[in-house]
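Atoms considered below: every heavy atom in the structure, side chains included; atoms not considered: hydrogens, waters and symmetry mates.
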Amino acid sequence: SFAGHPLIVGGQVIGVMAMFARKPLAENTLNAIAAAANAIAVGIMRQRTEDQLRASSERIRAIVDTAADGIITIDERGLVTGWNPQAEHIFGWRADEVIGQSLTTTIIPPRYREGHERGLRRYAETGTGPVLNKRIEITALDRTGREFPVELAITPMHLDGQTIFSAFLRDITERKQAEDELRRTQAAAESAN
């Protein structure tokens, strides 16, 4: 006697679970074969989904790790949850040194710290913030305490019932120096005329 049950994953038959026996199989045995085949199909589907999620996560990590901008993520309490290699380069802190630390005390100059904390509280209360979802220029602090200009864009995201803020930063020191030099050159040219 032969009994078989298809393994169906994603609407496609990917195999058959089969049993051979010397005598006809009882109904409960046939039901057990069907249940086992369904369980195997669910396991295969779960493994495929996990593999796809892992591959997607690896792609996203590769994009973040190779981005030209520093990418920093913080939770709603202001604690650093993500810090890409460009952020390490810009600020001088390794990811393992800053993850779990307060963003306020790592890269925000003292004169902006209270405003940053107030902004986090305001967002928690109202869901809005004046610097969110736009590019601004502001001063940041590196590991040595040096202040320098950055271009910053902050985007809130809601994931699993929590708010996460992603900050995209770039050091604009060279651009600011070039702009200052251009202004000095223009001023010198105007005064020479």
If two hydrophobic side chains count as joined below 4.5 Å and joins carry through other members, does Leu103 share a cluster with Ile99? yes

Give the cluster check for Val9 versus Val42: same hydrophobic cluster or not, with ILVMFWY residues linked at side-chain heavy-atom distances below 4.5 Å. no

Can you check side chain to side chain contact (heavy atoms under 4.5 Å, CB included) on Ile44 and Ile14, steps first, answer last? CA-CA 10 Å; Ile44 291 169; Ile14 62 162; 3.6 Å; yes

Pairwise distance CE(Met45) to CD1(Ile8) - rounded to 0.5 angstrom: 10.5 Å

Verify the neighbour count for atom NE2 of His89: are there more than 12 heavy atoms of other residues, nucleotides or ligands below 6.0 Å? no

If you count the non-hydrogen atoms of other residues, nucleotides and ligands that lie under 6.0 Å from CZ in Arg143, is the total more than 12? yes

Quick one: does Arg113's side chain have a donor or acceptor within less than 3.5 Å of a partner on Ile108's backbone? yes

Compare all side-chain heavy atoms of Leu169 with those of Ile72 and state whether any distance is below 4.5 angstrom. yes

Mark yes or no for whether Ser191, through its side chain, and Ala187, through its backbone, hold a donor-acceptor pair below 3.5 Å. yes

So the side chain to side chain donor-acceptor pair (under 3.5 Å) pairs with at least one residue in residues 74-86 (sequence neighbours excluded) are Thr73-Thr81, Asp75-Arg77

For Glu179 and Arg184, what are the C-alpha separation, side-chain angles and deciding distance, and is it a side chain to side chain contact (heavy atoms under 4.5 Å, CB included)? CA-CA 9 Å; Glu179 289 171 357; Arg184 282 193 295 276; over 6 Å; no

How far apart are the closest heavy atoms of Glu117 and Ser102, and which atoms are they? OE2-OG, 4.4 Å

Mind checking the CD1-OG spacing from Ile154 to Ser166? Nearest 0.5 Å is all I need. 10.0 Å

Would you check if His5 and Met19 make a side-chain contact, meaning some heavy-atom pair closer than 4.5 Å? no

When you compare the side chain of Ile33 with that of Leu25, does any pair of heavy atoms fall below 4.5 Å? yes

For Glu50, look at atom CD and say whether over 12 heavy atoms of other residues, nucleotides or ligands are found less than 6.0 Å away. yes

Heavy atoms, side chains only, cut-off 4.5 Å: are Gln177 and Asp180 in contact? no

Side chain to side chain, Thr139 and Arg111, heavy atoms closer than 4.5 Å: yes

Give the C-alpha distance, both sets of side-chain angles, the deciding distance and a yes or no for salt bridge (Lys or Arg N to Asp or Glu O under 4.0 Å) between Arg170 and Glu151. CA-CA 5 Å; Arg170 82 176 40 148; Glu151 185 177 78; 3.8 Å; yes

Between Ile107 and Val131, is there a shared hydrophobic cluster once you connect ILVMFWY residues whose side-chain heavy atoms come closer than 4.5 Å? yes

Spatial distance of atom CZ (Phe91) from atom CG (Asp142) [nearest 0.5 Å]: 8.5 Å

Heavy-atom closest pair, residues Phe148 and Arg146: CB-NH1, 3.1 Å

Taking Leu141 as the starting point, is it possible to reach Ile172 by hopping between hydrophobic residues whose side chains are less than 4.5 Å apart? no

Which other residues belong to the hydrophobic cluster containing Phe168, where Ile, Leu, Val, Met, Phe, Trp and Tyr are joined when side-chain heavy atoms lie under 4.5 Å apart, directly or via other members? Ile60, Val64, Ile71

Check Gly100 against Leu79 and note the closest heavy-atom contact, atom names and distance. O-CD2, 3.8 Å

Ser56 (side chain) donor-acceptor with Gln52 (main chain) under 3.5 angstrom: no

Tell me, yes or no, whether the heavy-atom count around Met17 atom CE, taken from other residues, nucleotides or ligands under 6.0 Å, exceeds 12. yes

Hey, what's the ring geometry for Phe165 with Tyr123, parallel, tilted or perpendicular (30° and 60° as the breaks)? perpendicular

Backbone N or O of Arg122 within a donor-acceptor pair of the Thr126 side chain at under 3.5 Å? yes

Atom CD of Gln186 with >12 non-hydrogen neighbours under 6.0 angstrom: yes

Tracing side-chain contacts under 4.5 Å among Ile, Leu, Val, Met, Phe, Trp and Tyr outward from Met157 reaches Leu159, Ile164

Hey, are the side chains of Leu7 and Val13 touching, using non-hydrogen atoms and a 4.5 Å cut-off? no

Heavy atoms of Pro6 and Ala37 approach each other most closely as O-CB, 4.1 Å

Note: Arg94-Glu97 ion pair, threshold 4.0 Å (strictly below): yes

What I'd like to find out is whether the side chain of Leu120 reaches to under 4.5 Å of the side chain of Ile74, using heavy atoms alone. yes

Derivation and outcome, salt bridge (Lys or Arg N to Asp or Glu O under 4.0 Å), residues Asp51 and Arg48: CA-CA 5 Å; Asp51 291 346; Arg48 284 184 178 178; over 6 Å; no

What's the separation between atom CD in Glu181 and atom OG1 in Thr185, rounded to the nearest 0.5 Å? 4.5 Å

Does the salt bridge (Lys or Arg N to Asp or Glu O under 4.0 Å) test come out yes or no for Arg118 and Glu114, once each step is laid out? CA-CA 6 Å; Arg118 196 171 42 249; Glu114 176 53 36; 3.8 Å; yes

When rounded to the nearest 0.5 angstrom, what distance separates CD in Glu147 from OG1 in Thr173? 11.5 Å

Between Ile90 and Gly70 the two heavy atoms that sit nearest each other are CD1-N, 3.8 Å

Between Thr105 and Gln101, is there a side-chain heavy-atom distance shorter than 4.5 Å? no

